[in-house]
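One structure is given below, encoded as structure tokens.
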Amino acid sequence: MAAGAISVPLEVYRFDPAHDPAPRYDRYTVELEPHVPVLSALLKVRAEIDPTLTLRYSCRSAICGSCALQINSKSRLACETPVGPEIERHGRIVVEPMRNQPVLRDLVVDQGPFWHQYDRIDPHLRPDPAHPMPVDAPTSMSPEQVERFKETPRCIACAACFSACPAVEADPTFPGPMALAKLYRFVVDPRDGTTQDRLVRIQTEGLWLCLRCHLCTEACPKDVRPSERIRDLKEMAIAVQGATERGSRHAVGFKENIRVAGTLNETRLVRQTDGVVGMVGQLGQGLRIWRKKPELLHRPKPIQGQAEVDQIYEALDDAKGGP
Amino acid sequence: MLTLANLRMNDPGVRAKVDGALKPLGIEYRGTVRVKHLLRVLVEDIGIPALRAKVRRPLGGLKIGAFYGCHLLRPSDEMGWESGEEPHAFEDLLDALGAEPVAYRGRVMCCGFPIQFVKPETASRIAGRQIADAQDHGAHAMATPCPLCHISLDAYQNEASRAVGRPLAMPVFHLPQVVGLALGASPEELGLARHLVPTEPALARISAPART
Ligand code: FES
């Protein structure tokens, strides 16, 4: 054992869909210094113990985005996740392929679903045909304009966010964190001529399925903070189109609800989101809940100082110059 | 959410806007309010040893799946306490109350509630996955510090069960209820009869004798 090396027990997901009836976990132990990344541990296993272990990687420098895996259930780049802290916290390292994409073999997934969502969003520069970009001169942007999307170009499309996202897991119509963060980048790019269309379209193409759970922001190795970019998109979409979707009606309804009473009236909020017809659909469920929680039926009285709340709203709306 | 709002107030632009709106009312926000969730107060300010000493009715025999709720943890760099994916404060607390915390992946996942009014089927599928995960790992009950998670996991459990296509029978406690139970409060005082999923089967699991 080299000086400073620790024993690293690994449990590695193994599966060849063509031959294996079910996945299994193979155990290996390697000796490594704590700062060594998980990818190096896997390569050591492959070189010294089991040459059939299949994994994907290239740069080994957190640039190419090809080595994302689940490391003790967290979606991470294997090439920049050191073994030491994982062993300290868990005593072992469970290595599994990314989620939400079918396994091709062992740790390699088919990224098809991820790229399908990306293509669907069309995250490419589409200049306004009326103002084509000059071909013989550079286009320039002010530092302030660049500042608005400084995080998103850092994305290396590793799909860690896609793997971590519970909305992706539950609903194939949700584009996923990366696709939406990329969309944001072109929505705020001053050279793009399709901002309004993009914002209108995305409202019916899954924007409102984001759960705001921030698991993508937690997983992202480049601090793109996709959940925050999605929040920005929602705000811009409402500014462009008003509250036309259930998601935006709920958001705006919430805001208006507080304005009129200073407190939340749940029944009213459901009506604002679903309309009266939609509400009837929820009646069965509503009755079951109301039987146990009768206070929900009472219309909350406006709070003391409601007029002041209204004044604050007014001042903020004026400051924003919009709804 | 309030923690994040408080952080935004450090932005001079945001601060100016808020001040502008509050000024006509003669109100000023100085940014001195500290926002702290009950779970954090229990674990950090009261402390695990002090809580342990206060337990009158240890919850021994009861396996509980802690369900954190997203906004208590993430974005973790802004919330500034627990890991956003591998927290342990809630499990530490349950352990102090004498219960047995259950390890399961769903504990840090989303409950689905934020899209309950956008796409109920998807919301229920998400809730159902987390409940089923807790159930598969042997939990007799779940506990959550978030009232919206509670609605999703308890009030909509029927829908969740249908969405994942399997029976679910998982009592879900609010954080203060599990603490209250262990400190000796009665089920009536804690409003346990107001849950949609009956809590009696979980209460019946508690095997440790009460301390006087
Ligand atoms: S190998 Fe290129 S990012 Fe890890």
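- Residue R194(B) touches chain A through both its backbone and its side chain, counting heavy-atom pairs closer than 4.5 Å.
- The most heavy-atom pairs under 4.5 Å with chain A, out of R105(B), E121(B), H88(B), come from R105(B).
- Within the 4.5 angstrom heavy-atom criterion, only side-chain atoms of R225(A), from C-beta onward, approach chain B.
- Contact of S227(A) with chain B is not made at all, since no heavy-atom distance falls under 4.5 Å.
- Neither the backbone nor the side chain of A163(B) comes within contact range of chain A; no heavy atoms are under 4.5 Å apart.
- With no hydrogens or angles considered, no side-chain donor-acceptor pair links E245(A) and H250(A) at under 3.5 Å.
- In terms of non-hydrogen atom pairs under 4.5 Å with chain B, the most contact-rich of L211(A), T173(A), N72(A) is L211(A).
- Ranked by heavy-atom pairs under 4.5 Å with chain A, the first of H195(B), K23(B), K119(B) is K119(B).
- Of all heavy-atom pairs spanning E80(A) and P221(A), the tightest one is OE2-CB, 3.3 Å.
- Among R34(B), K36(B), R40(B), the single residue meeting the salt bridge (charged side-chain N to carboxylate O under 4.0 Å, His left out) criterion with D45(B) is K36(B).
- Ranked by heavy-atom pairs under 4.5 Å with chain B, the list R249(A), R212(A), R89(A), E308(A) is led by R89(A).
- Contacts of Q311(A) with chain B are made by side-chain atoms alone, with heavy-atom separations under 4.5 Å and no backbone atom involved.
- Comparing M109(B), H71(B), R129(B) by how many heavy-atom pairs each has under 4.5 Å with chain A, the most go to R129(B).
- Here D77(B) is the residue among D77(B), I27(B), I151(B), D154(B) with the most heavy-atom pairs under 4.5 Å with chain A.
- Side-chain polar atoms of S186(B) and E189(B) form a donor-acceptor pair below 3.5 angstrom.
- Heavy atoms of E228(A) lying under 4.5 Å from chain B belong exclusively to its side chain.
- Side-chain contact annotation: E218(A) with S76(B), donor-acceptor N/O pair under 3.5 Å present.
- Taken to the nearest 0.5 Å, the CZ atom of R92(A) stands 4.5 Å off from the CD atom of E11(A).
- Atom OG1 of T204(A) sits about 8.5 Å away from atom CZ of R201(A), to the nearest 0.5 Å.
- Defined by atom type and a distance below 3.5 Å, a donor-acceptor pair is missing between the side-chain atoms of E256(A) and Y313(A).
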